[in-house]
Number of protein chains: 2
Amino acid sequence: MPKDAQKSDTRIQKKNQSAILAAGLVVFSQFGFRGSTLDQVAEEAGMSKPNLLYYFRSKDAIYTALLAKLLENWLEPLRKIDPDGDPVAELLGYAKRKLAMSQNFPRESRLFANEIIQGAPRIGDVLRGELRELVDEIAVIIDGWAVSGRINAVDPRHLIFSIWAQTQHYADFDVQVRAILGDVDPFEGAEQHLEAMLHGLLTP
Amino acid sequence: MPKDAQKSDTRIQKKNQSAILAAGLVVFSQFGFRGSTLDQVAEEAGMSKPNLLYYFRSKDAIYTALLAKLLENWLEPLRKIDPDGDPVAELLGYAKRKLAMSQNFPRESRLFANEIIQGAPRIGDVLRGELRELVDEIAVIIDGWAVSGRINAVDPRHLIFSIWAQTQHYADFDVQVRAILGDVDPFEGAEQHLEAMLHGLLTP
DNA sequence: TAAATTTTTGACCAACTGGTCAAAGGCAGG
DNA sequence: CCTGCCTTTGACCAGTTGGTCAAAAATTTA
């Protein structure tokens, strides 16, 4: 019945589909779409290649499904910013949520990074549509905070970029970070640094 | 004579070798090592695949040569930080130099990012060796500045990470940045933001 | 100019790629 | 038990991959 089954997934279908997606995440996040092979994904998922293709129409279908699922979680934290909350607390909370995602879901972060670096061929529309609108809304909120003097004047979009950059850096460049820090846990220092930086930038 | 010619490169050899490296940069920086093909590189370089392999022993040799050349330029700006200069000016200068590299050599930045995301299989040693030592030296300098009260106390390594993250973000995530900013030039706002952030963080 | 050397290429190869398919193996309900 | 559907797989395929090689073309040297 499957081939990208749409409704009434049986227990075994659900199990295999999520096993494939989990395996796809591991492989695609390390080698990118073109650098990954179905054999790799199949082996990581513990099943034969034809069986894998029984559940997903094609290599592309796995990758696309993965990206779609990822994008939800990716945009969600931004929506949680509350215009009526304390500005610094809201932005710091957002930064910490993003940092936690880098810590707990580094592969998702790297999958996303791979896709963007390669020119975002499959999610360019989402970036120019949904993401842009969402960022525009948050930008209005931040501008409002600045106008009312509750935070310093900042370019809201570049502020958001710098939060993205700094938090995702710890997932995407994990190897480099650990090469430099040695045995020290990256995320403790990262959180403190992020806090200091946002305070210094935002508080008048 | 070639196959990774070592000495006495003729005019035509130099021309072709640099054409190949330039083409390799374009292709590898977009698709990563495993996602790129020799045919792509050959076409981008405007020559046949066998001819390309007359100048470089293998696909790996092109990629490795590219990475080696890149690493020099990558580490250099860090070395220019002057312990006897004004702390904020030195760090801001470094950040601006890195930002200029993202603006002028985005492909180099993406090539590097690709390599790191994939676990740095060929430059892990450099990261844990040369890079780590260099960062350690700079960390001592920054710590010295903090101890003498010329800047606020910060974790030097995370400060460096945040400069790397923010500057490289504009090259590596170029598509996303432009999707959000539209027609606005990313680099003007980026420089201002970077300046404000470093001032807020460092000045007592 | 002719010989020697360097550069370029078409034809080719074995390994691997994403994907197909018919048939076999499991598992539920009757 | 058996029937019918869901699941799994071995064998296979055409296209692509990194790489080779002998011979042709171009360039340098004598």
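So you know, we letter chains A, B, ... as the sequences are listed, proteins then strands, and number each from 1.
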Checklist entry - Quick one: does NZ or CZ of Lys59(A) land under 6.0 Å from the six-membered ring centre of Phe33(A), within 45 degrees of the ring axis? => result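 Flagged: Lys59(A) positioned over aromatic ring of Phe33(A).
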
Item to check | Donor/acceptor link under 3.5 angstrom from Lys59(A) side chain onto base of dG19(C) | outcome: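 Not at all, since no donor on one side and acceptor on the other fall under 3.5 Å apart.
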
Just how far, in rounded Å, is [atom2] of [N] from [atom1] of [X]?
X: Asn51(A); N: dG18(C); atom1: CG; atom2: C1'; result: 16 Å
X: Lys15(A); N: dG26(C); atom1: NZ; atom2: C1'; result: 13 Å
X: Gln17(A); N: dC6(D); atom1: CD; atom2: P; result: 14 Å
X: Gln40(A); N: dC16(C); atom1: CD; atom2: P; result: 12 Å
X: Phe31(A); N: dG18(C); atom1: CZ; atom2: P; result: 13 Å
X: Leu53(A); N: dC12(D); atom1: CG; atom2: C1'; result: 14 Å
X: Asp60(A); N: dG19(C); atom1: CG; atom2: C1'; result: 13 Å
X: Lys49(B); N: dT17(D); atom1: NZ; atom2: P; result: 8 Å

Checklist entry - Taking the inter-plane angle between the rings of His158(B) and Phe161(B) on a 0 to 90° scale, is it parallel (under 30°), tilted (30 to 60°) or perpendicular (over 60°)? => result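 Correct class here is perpendicular.
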
Checklist entry - With the threshold set at 4.0 Å, does a side-chain nitrogen-carboxylate oxygen contact exist between Lys96(B) and Glu195(B)? => result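 Yes.
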
Item to check | salt bridge (Lys or Arg N to Asp or Glu O under 4.0 Å) pairs, two or more places apart, involving residues 108-122 of chain B | outcome: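 Qualifying pairs: Asp60(B)-Arg122(B).
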
Looking at the side chain of [X], which of [options] is the nearest nucleotide?
X: Tyr54(B); options: dT17(C), dT6(C), dT9(D); result: dT6(C)
X: Pro50(A); options: dT20(C), dG18(C), dG18(D); result: dT20(C)
X: Asp39(B); options: dT7(D), dG18(C), dT17(D); result: dT17(D)
X: Leu38(A); options: dT7(D), dT7(C), dG19(C); result: dG19(C)

Checklist entry - If only side-chain N and O atoms of Gln13(B) are considered, is one of them under 4.0 Å from the OP1 or OP2 phosphate oxygen of dT7(C)? => result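 For dT7(C), OP1 or OP2 has a side-chain N or O of Gln13(B) closer than 4.0 Å.
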
Checklist entry - So does Asn16(B) get a side-chain nitrogen or oxygen closer than 4.0 Å to the phosphate oxygens (OP1/OP2) of dT8(C)? => result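 Checking Asn16(B) against dT8(C): at least one side-chain N or O falls below 4.0 Å of OP1 or OP2.
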
Checklist entry - So which of Gln168(B), Lys98(B), Met101(B) actually passes side-chain contact (heavy atoms from CB on, under 4.5 Å) with Ser109(B)? => result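 By the side-chain contact (heavy atoms from CB on, under 4.5 Å) criterion, Ser109(B) pairs with just one of Gln168(B), Lys98(B), Met101(B): Gln168(B).
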
Checklist entry - Taking the nucleotide of DNA chain D with the closest heavy atom to each, which residue, Arg34(A) or Met47(A), is nearer the 5' end? => result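 Final value for this comparison: Met47(A).
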
